[in-house]
Peer 1: 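Attaching a single structure in structure tokens format; questions to follow.
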Amino acid sequence: MAPQPGRYPFLFAAIVIAVVLAAGVAWQWRATTPDLSAFGNVIVAPEPDAQTVKAYVIFPTTNSAPGLAHYTEHLSWLSSAGKREDAVNSHSNAWASRFTTGYWLSGSPAALPGILATLADLFDPLDLDGSFAEEERGIIQREYDLRMAGNPAAQAADDIAAFLYNGSALATSVIGTRDDIAALSYDAARDLHAQTHQPHLATVIITGPISARDVHTALTAAEWPATDGAQSAITPQPITLAAPAETTLRYPDADVAPRLLWRKAVNLPETLPFDQLEVHAALLASILDTNLPGGLAGPLRFDAAIARTFDIQVWPLDEDTIEVSFSASPDRDVSLTELQTALEETLADIASNGIPQATFERVMGRFEDFWPDWDDADEAASWMASYAIDRASIARAPLSKGDVKGLADTLSLPTTNMILRQLTGEGRTATAFIGPEEIFE
């Protein structure tokens, strides 16, 4: 039940026979697809080659006390799955993130009605003995000790998010601190559950060797609560960055290998469709990861021994806000301050000169592997199913298969360079130094 990290690469995708969203519009390949809109936001992502079905119920995260959504997720799953003996024997899990809270169960196609009946219990008010709720809080304390205590990188990630997203719901820690966890109450969890775990707020995703007709039959058999068209659209939380600022966080630990974490969030001068922005961000990260002109590997690793290893990721937060993350180990006799300076100066130099056309075209040639083989029906189906889950997990509606395929045609060097220039301009920047203190400066 561990919360997911606050970033989400564009990795996934699908053959979607039926997606019914708030507008009640179905994406379909067959005119006989039944109407699922009475059951709310239901996404059916068939995977003909799969052996099992998976059913997900995902709710958007709302602003709450640190750790409360995570605690509520634990109690909700214990209250619903714990009622049914068959759920214990199924593959299942749940998560809480800065974007959503989600639950899933899997089993044989014949088990789908029972799986959905178990998931439907999520809508019932929390009904646990107070001693169980108290015990679960102790479990979360142990989860915190396992994931966060003695793990400066995890602590830094939470602190960086609090700074970058200051004033936004994304700033709230999913797991909280020890004191936050100790302050969690069953009454607060019940209130948050009643506010968020409602049928009209849920996005339901079902994958596997099933059709929309199979899902309609299973939802009916499970007595899934009808929303009667009152469901809310899949809508992400608005993100507004605070004023540009910088901070440097230090986590001295003589027993930890030195590491630089550098993240920056910026606003773009114009909005772009989210998926289009995300695929440009992924392409930019791929370019910066290379030893080609316009990449970081040459200046930081091969031409000058500054970083021994590094990883760079770029992703959108919404249609006009983007974030970059750089993590690296310094080479011998290089301080973390020197590594940070070299990174920022190199990025600024690349942005000033622009990514060369030859580099862009060469990386675009490799970028074919980013997509599935659209001519392989099973591979495309699996990719699209994962994509649908990924979109819902960040509270966004997935595109149709045709629109996803069309994203490749939107990629351009001017847009990629525009994003890079913004990432080297004004924004909110957080740097974390981890390791022996003597290597910080």
Side-chain angles (χ1 to χ4, degrees), residues 4 7-19 21 26-31 33 43-56 91 104 106 109 203 205-215 272-292 295 311-316 355 357-394 396-413 415-416 419:
Q4 303 298 307
R7 65 184 177 91
Y8 39 89
F10 180 93
L11 296 175
F12 310 110
I15 297 172
V16 178
I17 287 185
V19 174
L21 302 177
W27 302 339
Q28 58 185 35
W29 282 3
R30 295 199 295 257
T33 299
I43 299 174
V44 182
E47 295 180 277
D49 203 38
Q51 301 300 309
T52 61
V53 295
K54 282 187 178 181
Y56 298 76
H91 294 290
W104 65 265
S106 68
T203 298
I205 303 177
I206 302 168
T207 71
I210 39 79
S211 66
R213 186 169 300 283
D214 297 329
V215 171
L272 287 173
F274 184 85
D275 287 85
Q276 183 177 330
L277 180 56
E278 188 171 43
V279 75
H280 273 89
L283 177 62
L284 174 59
S286 295
I287 292 171
L288 293 174
D289 194 44
T290 69
N291 189 30
L292 299 170
D311 175 75
I312 188 160
Q313 303 286 338
V314 186
W315 65 90
I355 295 166
Q357 180 71 36
T359 295
F360 179 81
E361 291 176 359
R362 187 167 176 183
V363 176
M364 276 287 290
R366 303 173 186 171
F367 209 61
E368 290 296 322
D369 293 338
F370 183 83
W371 316 100
D373 179 355
W374 295 112
D375 294 328
D376 184 328
D378 290 334
E379 180 182 339
S382 178
W383 201 88
M384 282 297 293
S386 296
Y387 164 74
I389 296 162
D390 180 70
R391 295 298 87 172
S393 71
I394 55 172
R396 288 188 173 273
L399 299 179
S400 68
K401 179 184 175 184
D403 287 341
V404 169
K405 291 176 69 174
L407 289 173
D409 295 332
T410 71
L411 290 168
S412 73
L413 180 56
T415 299
T416 307
I419 294 170

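Worth knowing before you read on, the calculation uses all heavy atoms, side chains too, and leaves out hydrogens, waters and symmetry mates.
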Peer 1: Can you find a pair of side-chain heavy atoms, one from Thr415 and one from Thr410, that are under 4.5 Å apart?
Peer 2: no
Peer 1: Report yes or no: does Tyr56 contribute a side-chain atom to a donor-acceptor pair with the main-chain N or O of Ser393 at less than 3.5 Å?
Peer 2: no
Peer 1: Could you measure the distance from the OG1 atom of Thr207 to the CD1 atom of Ile389? Nearest 0.5 Å is fine.
Peer 2: 5.0 Å
Peer 1: Does a side-chain heavy-atom distance below 4.5 Å link Arg391 with Ile43?
Peer 2: no
Peer 1: Taking the side chain as everything from C-beta on, heavy atoms only, tell me whether Ile210 gets closer than 4.5 Å to Val215.
Peer 2: yes
Peer 1: Provide the closest heavy-atom pair for Ala381 versus Pro48 in the form atom of the first, atom of the second, distance.
Peer 2: CB-CD, 4.0 Å
Peer 1: So how far is it from Ile355 CD1 to Ile287 CD1, rounded to the nearest 0.5 Å?
Peer 2: 4.0 Å
Peer 1: Out of curiosity, Thr359 OG1 to Asn291 CG, how far, rounded to the nearest 0.5 Å?
Peer 2: 10.0 Å
Peer 1: A side-chain contact here means heavy atoms from C-beta on lying under 4.5 Å apart; do Phe274 and Ile394 qualify?
Peer 2: yes
Peer 1: Mark yes or no for whether Ser382, through its side chain, and Asp378, through its backbone, hold a donor-acceptor pair below 3.5 Å.
Peer 2: no
Peer 1: Do Trp104 and Ile205 make a side-chain contact, defined as non-hydrogen atoms from C-beta onward lying under 4.5 Å apart?
Peer 2: no
Peer 1: Return the minimal non-hydrogen interatomic distance between Trp371 and Phe367, and the atom names on each side.
Peer 2: CD1-O, 3.7 Å
Peer 1: Do you know which two heavy atoms are closest between Gln276 and Leu272, and how far apart they sit?
Peer 2: NE2-CD2, 3.9 Å
Peer 1: Output the distance between atom CG (Leu411) and atom NE2 (His280), rounded to the nearest 0.5 Å.
Peer 2: 4.5 Å
Peer 1: Is it true that atom CD of Gln51 has more than 12 heavy atoms of other residues, nucleotides or ligands lying nearer than 6.0 Å?
Peer 2: no
Peer 1: Any side-chain donor-acceptor pair under 3.5 Å between Asp214 and Ser211?
Peer 2: yes
Peer 1: I'd like to know if the side chain of Glu379 reaches the main chain of Pro372, judged simply by a donor and an acceptor atom lying under 3.5 Å from each other, with no hydrogens or angles considered.
Peer 2: no
Peer 1: Could you tell me if the side chain of Leu407 sits less than 4.5 Å from the side chain of Phe370, heavy atoms only?
Peer 2: no
Peer 1: Please report the interatomic distance OG1(Thr52) to CD(Glu47), rounded to the nearest 0.5 Å.
Peer 2: 8.0 Å
Peer 1: Just how far is it from atom CG of Leu288 to atom CD1 of Ile312, taken to the nearest 0.5 Å?
Peer 2: 4.5 Å
Peer 1: Quick check: closest heavy atoms across Ser412 and Phe360, and the distance to 0.1 Å?
Peer 2: C-CZ, 3.5 Å
